[in-house]
Amino acid sequence: MSEGVEQLGGMAAGALPVTDAVIAAAHRHGAANLRGFFVRKEIKQHGLQQIVEGAFKPGPEDRGG
């Protein structure tokens with residue numbers, strides 16, 4: 001895993017299996033702090049109505065800074 005990588009994710013349909021596999025492999029190699037997330041195509045109409053699910057943590061570049 002490259003240094004400085006803290007999060008991994010993408011669109012739900014394709015990202016789920018890839019994100020899960022990469023995070024599991026990273027964890028086995030000592031990168032237990034890697035977070036995963038996925039982005040829904042549309043906001044779900046129940047629950048928390050989130051478009052981003054998982055352990056996503058916005059950074060300065062995600063806040064326009």
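In what follows, residues are counted from 1 in the order of the sequence shown.
- Checked against side-chain contact (heavy atoms from CB on, under 4.5 Å), Ile51 has the following partners two or more places apart in sequence or in another chain: Val39, Arg40, Ile43.
- With hydrophobic clusters built from ILVMFWY side chains whose heavy atoms lie under 4.5 angstrom apart, Val18 shares a cluster with Leu8.
- Nearest heavy atoms, Ala15 versus Gly9: CB-C, 4.1 Å.
- The distance from the CG atom of Asn33 to the CD atom of Glu6 is 7.0 Å, given to the nearest 0.5 Å.
- Hydrophobic clustering (ILVMFWY, side-chain heavy atoms < 4.5 Å, transitive): Met11 and Leu16 are in distinct clusters.
- Across every non-hydrogen atom of Ala26 and Leu34, the tightest pair is CB-CD2, 3.8 Å.
- Nearest heavy-atom pair, Phe37 versus Gln7, reported as atom, atom and distance to 0.1 Å: CE2-CB, 4.1 Å.
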